[in-house]
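Nothing here was measured: the structure is a model prediction, and the numbers come from that model.
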Amino acid sequence: MSGTPGRRDVLVSPDPPQVASIELIRVRVPLRSTHRSSHLTESARQSVLVRITDVNGVTGTGECPALGAAGYVVETIDVAWSALSSDLAPSWLAGRHGMSIGAPCATAAMADASLDLWLRSQHRSLADWLGVDPARPVRWCAVLADVRLDPQTTLDRAREAVDSGASMVKLKFDDPATLRRQVAAVRSELAVPLAADANGTLDPRSARELDDLALTYLEQPLPVAAGVESYRQLREDTDTPVALDESLTSLDALAWALRNDALDLASVKPARMGGLVQAANAIALCSKDGVGAFVGGMFELGVGRAGGLVLASLPGCSEPTDLGPSQRYFDRDVVEPLRTDDGGAITLPSGPGLGRVLDEEAVDLYTVDRLELR
Ligand SMILES: [Mg+2]
């Protein structure tokens, strides 16, 4: 079923296209600065662009932003490439549109390419289809990913982010004492709201002890294996809103967390949730339950970033998205960069589909592997 979704209806993916060819392009785009988190260190972002062309010659593009190394998720970029090239793309060509277990980002990229193709065939933008106001600028949160930055550098980077338009700063951390020093340094000079992301590295006691920092929210304090009961208990014991990220592997996982009062906020990552349609449904599910949401990021290039930013404009998104302007991360993206207004908020892509056209020259420059199936 396709068509315009009603605000309160569950959004249904358009029917998949009659596929003529699928092109998989693996790119490696240098990052402006090295990304160090508790999961991995990267100096370049690898991603797979999925281009589906239908029998009428219309092309849609999706992005698979699986990460370079396991840890955060088991689906590395190598796993995603293998799932796309040996399973998903051949299946779609044969008219089967299932998912690849263990490769949610790859599955989402196929779904998003299909959605982009359908929207383009209808000459509609994603913003128009979702009913969001394309003129509304998107507020974004600058995520400082280096987990052990010294306080002065943290302050410098936070100031730079605020100066370039961020309306919130999020500190990734794996050591509460370091986080305390960073928070104190930022607050000594800036009034910006602060959130923190532990990426599941805390135990309940150390998570409780951070309550006095009065963060806007504390993201994924406990490991995924801690389960919903631990999160419900933590919420009872503290005042700081708790955001879940890694725990939300699917719409079902989100529904389970909501039923068990395990969260105040959901980090909705389209690539991990099954694609843009499922992510929009996740945001709606939170809204229905009175729980906040924001669109999380996986260092997407401009294709995935454009789609995520449209979702970030949905009324259910109560906090700024982690998706900042692409020029913060890349000197040259694979699409024209998303613009920001005078206040630094991001202007939504308004073209058909996900709103972005590939910069073929940049794609060629960054391509490390390419496969076309007909
Ligand atoms: Mg996170």
Side-chain angles (χ1 to χ4, degrees), residues 37-39 72 139 141-155 157-158 161-162 166-248 253-254 256-269 286 289-297 316-322:
S37 72
S38 46
H39 299 302
Y72 179 64
R139 293 181 309 137
C141 167
V143 182
L144 304 192
D146 282 6
V147 288
R148 302 245 174 151
L149 282 183
D150 65 82
Q152 184 59 48
T153 311
T154 307
L155 171 60
R157 293 207 185 160
V162 171
S167 53
M168 181 187 275
V169 171
K170 178 151 58 186
L171 305 168
K172 283 186 176 265
F173 73 105
D174 60 3
D175 171 49
T178 305
L179 177 70
R180 267 180 197 287
R181 288 192 289 275
Q182 293 172 328
V183 167
V186 175
R187 285 188 174 150
S188 70
E189 296 199 23
L190 299 173
V192 66
L194 288 179
D197 184 359
N199 288 115
T201 53
L202 303 182
D203 56 39
R205 191 179 139 203
S206 45
R208 281 196 303 273
E209 285 173 359
L210 293 174
D211 205 25
D212 66 316
L213 288 180
L215 298 163
T216 300
Y217 60 84
L218 178 60
E219 181 170 330
Q220 195 71 38
L222 312 176
V224 174
V228 290
E229 189 51 48
S230 308
Y231 272 102
R232 176 161 56 192
Q233 187 62 51
L234 179 62
R235 290 185 64 225
E236 267 182 42
D237 295 345
T238 58
D239 293 326
T240 306
V242 172
L244 289 188
D245 178 8
E246 284 91 333
S247 292
L248 306 180
L254 171 62
W256 177 246
L258 288 168
R259 262 203 305 281
N260 286 279
D261 299 321
L263 72 166
D264 297 284
L265 280 160
S267 167
V268 175
K269 291 182 169 164
C286 289
D289 241 56
V291 162
F294 58 91
V295 175
C317 286
S318 54
E319 296 295 339
T321 174
D322 291 347

**Q** Taking salt bridge (charged side-chain N to carboxylate O under 4.0 Å, His left out) as the test, write out the residues that go with R205, two or more places apart.
**A**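 By the salt bridge (charged side-chain N to carboxylate O under 4.0 Å, His left out) rule, R205 matches E209.
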**Q** At what distance, to the nearest 0.5 angstrom, does CG of L258 lie from CG of L244?
**A** 9.0 Å
**Q** Minimum heavy-atom separation for R187 and A214, please, with both atom names.
**A** NH2-O, 3.3 Å
**Q** Measuring from E319:CD to Y217:OH, what's the distance to the nearest 0.5 Å?
**A**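 Result: 6.5 Å between the selected atoms.
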**Q** Excluding sequence neighbours, so at least two apart, what forms side-chain contact (heavy atoms from CB on, under 4.5 Å) with R180?
**A** L210, D212, L213
**Q** Using 4.0 Å as the upper bound for N to carboxylate O, is an ion pair formed by D289 and R259?
**A**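 So R259 does not pair with D289 through a salt bridge.
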**Q** K172 pairs by side-chain contact (heavy atoms from CB on, under 4.5 Å) with which of V147, T201, L179?
**A** V147
**Q** Going by heavy atoms in the side chains, are L155 and L190 under 4.5 Å from each other?
**A**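 Contact flag for L155/L190 side chains = yes.
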**Q** Looking at side-chain heavy atoms only, is the closest gap between T178 and F173 below 4.5 Å?
**A**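 Result no, sub-4.5 Å side-chain heavy-atom pair not found.
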**Q** Please report the interatomic distance OG1(T240) to CG(L215), rounded to the nearest 0.5 Å.
**A**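 So the OG1 of T240 and the CG of L215 are separated by 6.0 Å.
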**Q** For A257 versus L248, what's the shortest heavy-atom pair and its separation?
**A** CB-CD2, 4.2 Å
**Q** Is a donor from one side chain sitting under 3.5 angstrom from an acceptor on the other, for E246 and N199?
**A** yes
**Q** Less than 4.5 Å apart, side chain to side chain, heavy atoms only: is that true for V143 and D197?
**A** no
**Q** For residues P204 and L222, determine if any side-chain heavy atom of one lies less than 4.5 Å from a side-chain heavy atom of the other.
**A** yes
**Q** Taking the side chain as every heavy atom from C-beta outward, state whether L254 and L263 have any pair of such atoms under 4.5 Å apart.
**A**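 When only atoms from C-beta onward are counted, L263 and L254 do touch, with a gap below 4.5 Å.
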**Q** Would you check if V242 and Y231 make a side-chain contact, meaning some heavy-atom pair closer than 4.5 Å?
**A** yes
**Q** If you take all heavy atoms of R232 and N260, which pair is closest and at what distance?
**A**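 Where R232 meets N260 most closely, the heavy atoms are CD-O, 3.4 Å.
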**Q** So which heavy atom on T153 is nearest to which on L149, and how close?
**A** CG2-CD2, 4.0 Å
**Q** Return the CG to CG distance between D146 and L171, rounded to the nearest 0.5 Å.
**A**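 If I round to the nearest 0.5 Å, the distance is 11.0 Å.
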**Q** Can R148 and D174 be said to form a salt bridge (Lys or Arg N to Asp or Glu O under 4.0 Å), step by step?
**A** CA-CA 8 Å; R148 302 245 174 151; D174 60 3; 2.9 Å; yes
**Q** For residues M168 and F294, determine if any side-chain heavy atom of one lies less than 4.5 Å from a side-chain heavy atom of the other.
**A** no
**Q** What's the verdict on side chain to side chain contact (heavy atoms under 4.5 Å, CB included) for L194 and V186, showing C-alpha distance, side-chain angles and the deciding distance?
**A** CA-CA 9 Å; L194 288 179; V186 175; 4.0 Å; yes
**Q** Mark yes or no for whether T238, through its side chain, and D211, through its backbone, hold a donor-acceptor pair below 3.5 Å.
**A**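 Side chain of T238 to backbone of D211, a donor-acceptor pair under 3.5 Å: no, none is there.
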**Q** Give, for atom CG of D175 and atom CD of Q182, the distance between the pair rounded to the nearest 0.5 Å.
**A**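 D175 atom CG to Q182 atom CD measures 9.0 Å (nearest 0.5 Å).
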**Q** To check you understand the geometry: which heavy-atom pair defines the closest contact between R139 and S318, and what is its length?
**A**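 In terms of heavy atoms, the two residues are closest at NH2-O, 3.6 Å.
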**Q** Mind checking the CG-NZ spacing from D322 to K170? Nearest 0.5 Å is all I need.
**A** 3.5 Å
**Q** Considering all heavy atoms of both residues, which atom of P221 and which atom of A207 are nearest to each other, and what is their separation?
**A**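 Looks like CB-CB, 4.0 Å.
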**Q** When you measure from the side chain of R235 to the backbone of D261, do you find a donor-acceptor pair of N or O atoms at a distance under 3.5 Å?
**A** yes
